[in-house]
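We count residues from 1, following the sequence as given. Counting starts at 1 for both ligands and their atoms, in listed order. Note that the structure is predicted; figures quoted are calculated from it, not measured.
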Amino acid sequence: MESPFKADILKGKVALLTGGASGIGYEISHQLGKHGASIAIMGRRRHVIDSAVSALQSLGISAIGIDGDVRKREDAVRVLESTIKHFGRLDILVNAAAGNFLVPAEDLSTNGFRTVIDIDAVGTFTMCHEALKYLKKGALGKDLVSGGTIINISATLHYTATCYQIHVSAAKAAVDSITRSLALEWGTDYDIRVNGIAPGPIEDTAGFSKLAPEEMLGEEVKEHVNLRKVGKKWDIAMAALYLASDAGKYINGATLVVDGGDWLEKPLRLPKEAVKQLSRAVEQRSRNEPVGIPKSKL
Ligand code: COA
């Protein structure tokens, strides 16, 4: 799909993306690169990074790939140093690395819970923390007018509550909180903007295939899933471009929901007829017994 943004809005900028070699992360790498940025991708799987970098280079995008796990501080330091060594500066950090699997809370081990918190929340903090010295205004290759920008990829799972996602919901709630805290502290002190993007269901991603596997869906749920508005990776990448470019220069501490309104609608738990009946019964009861007023006062 054609981008509505000018092709040079990120000219001269350097972006580092964790999880930037696949899924939503790759599409953000691709679009930031197409709009002028040089791209450094950090990931755990060498072959996945290599094919992402070749794909970007074949489009004329200046790109490198560096192995690393966001759970290891020494990897974060090394990847940032390599990025600076190669490109001479850092303007945009996108934290897209994430871990996820479906599991009922009662079957999740402490280590399973901790693993996702470590990747999503601690990993995001570590990357931001280690990138700070390169993102500050006046840092290598930057002027004294403005600092760099950070985008944290989040989710909408925790806005309400989502079954079998206790670990990810807790992790993404922490990510959103990190976004706001850093936006406040670093926006004031260093002119660094820190924002988030909360994608809805996005087709052709690990998240989508892992979290709504065909074989686990009953007919009723399948129907509901089919009715959901599913987005494209491109939608998330356009939001990232908006936030990373000067178009978003007054946006700080926001987490932009990009989901076509999906989170506003909870999955159906009861057949429609039953809800209608229940609704009438509740209405009837509340007419007879006004809530919150003691019977003695009536
Ligand atoms: N159900 C229950 N527990 C699970 C699980 C599942 N499906 N998958 C992993 N776990 C538990 C493991 O049992 C282990 O806990 P334990 O030591 O108490 O047994 C813990 O989680 C860590 O698992 P491990 O496989 O050692 O972690 P890893 O570091 O190799 O992988 C994951 C991390 C599990 C998050 C893996 O899914 C991953 O790497 N994901 C990245 C890609 C991704 O999920 N993308 C989608 C983003 S939306």
Any protein heavy-atom neighbour for atom 32 (C) of ligand 1 (distance below 4.0 angstrom)? no
N152 and T124 side chains, donor-acceptor separation under 3.5 Å: no
Looking only at protein heavy atoms, which one is nearest to atom 41 (C) of ligand 1, and how far off is it? A98 O, 3.4 Å
Does D235 come within less than 4.0 Å of K232, counting only side-chain N to carboxylate O? no
Please say whether T115 places an N or O atom under 3.5 Å from an N or O atom belonging to ligand 1. no
Can you list the atoms of ligand 1 that are under 4.0 Å from a heavy atom of S109? 15 (O), 16 (P), 18 (O)
salt_bridge(D120, K172) N-O dist < 4.0 Å: yes
I'd like to know if R180 and D176 make a salt bridge, using a cut-off of under 4.0 Å between side-chain N and carboxylate O. no
Any luck finding a side-chain donor-acceptor pair between S3 and H35 under 3.5 Å? yes
min-distance protein heavy atom vs atom 1 (N) of ligand 1 -> F101 CD1, 3.6 Å
My question is simple, although I want it checked carefully: is atom 29 (O) of ligand 1 less than 4.0 angstrom from any protein heavy atom? yes
D67 with R46: basic N within carboxylate O range, under 4.0 Å: yes
Identify, for atom 46 (C) of ligand 1, the protein heavy atom at the shortest distance, and state residue, atom and that distance. A206 CB, 4.0 Å
Return the closest protein heavy atom for atom 11 (C) of ligand 1 as residue, atom name and distance. G112 CA, 3.9 Å
R44, any N or O under 3.5 Å of ligand 1 N or O: yes
Contact region, N100 to ligand 1, non-hydrogen atoms below 4.0 Å, reads both
Tell me: protein heavy atom nearest atom 35 (C) of ligand 1, and distance? G99 CA, 3.7 Å
Does the side chain of I9 come within less than 4.5 Å of D246's, by heavy atoms? no
Salt bridge flag under 4.0 Å for residues K6 and D8: no
Going by a strict under-4.0 Å cutoff (protein heavy atoms only), does atom 21 (O) of ligand 1 have a neighbour on the protein? yes
May I ask whether R71 places a heavy atom under 4.0 Å from ligand 1? yes
Rounded distance (nearest 0.5 Å) linking atom CE of M127 with atom CD1 of I150: 9.5 Å
Contact check, side chains of K137 and Y190, non-hydrogen atoms, under 4.5 Å: no
CD1/I202 to CZ/F208 distance, rounded to the nearest 0.5 angstrom? 9.0 Å
Protein contact for atom 24 (P) of ligand 1 (heavy atom, distance under 4.0 Å): no
If the cut-off is 4.0 Å to any non-hydrogen atom of G207, which atoms of ligand 1 fall inside it? 48 (S)
Ignoring hydrogens, just give me the one of N111, I202, D107 whose non-hydrogen atom is nearest atom 17 (O) of ligand 1. N111
Protein heavy atom under 4.0 Å of atom 3 (N) of ligand 1: yes
Closest non-hydrogen protein atom to atom 37 (O) of ligand 1, residue and atom name please, with distance? K210 NZ, 3.2 Å
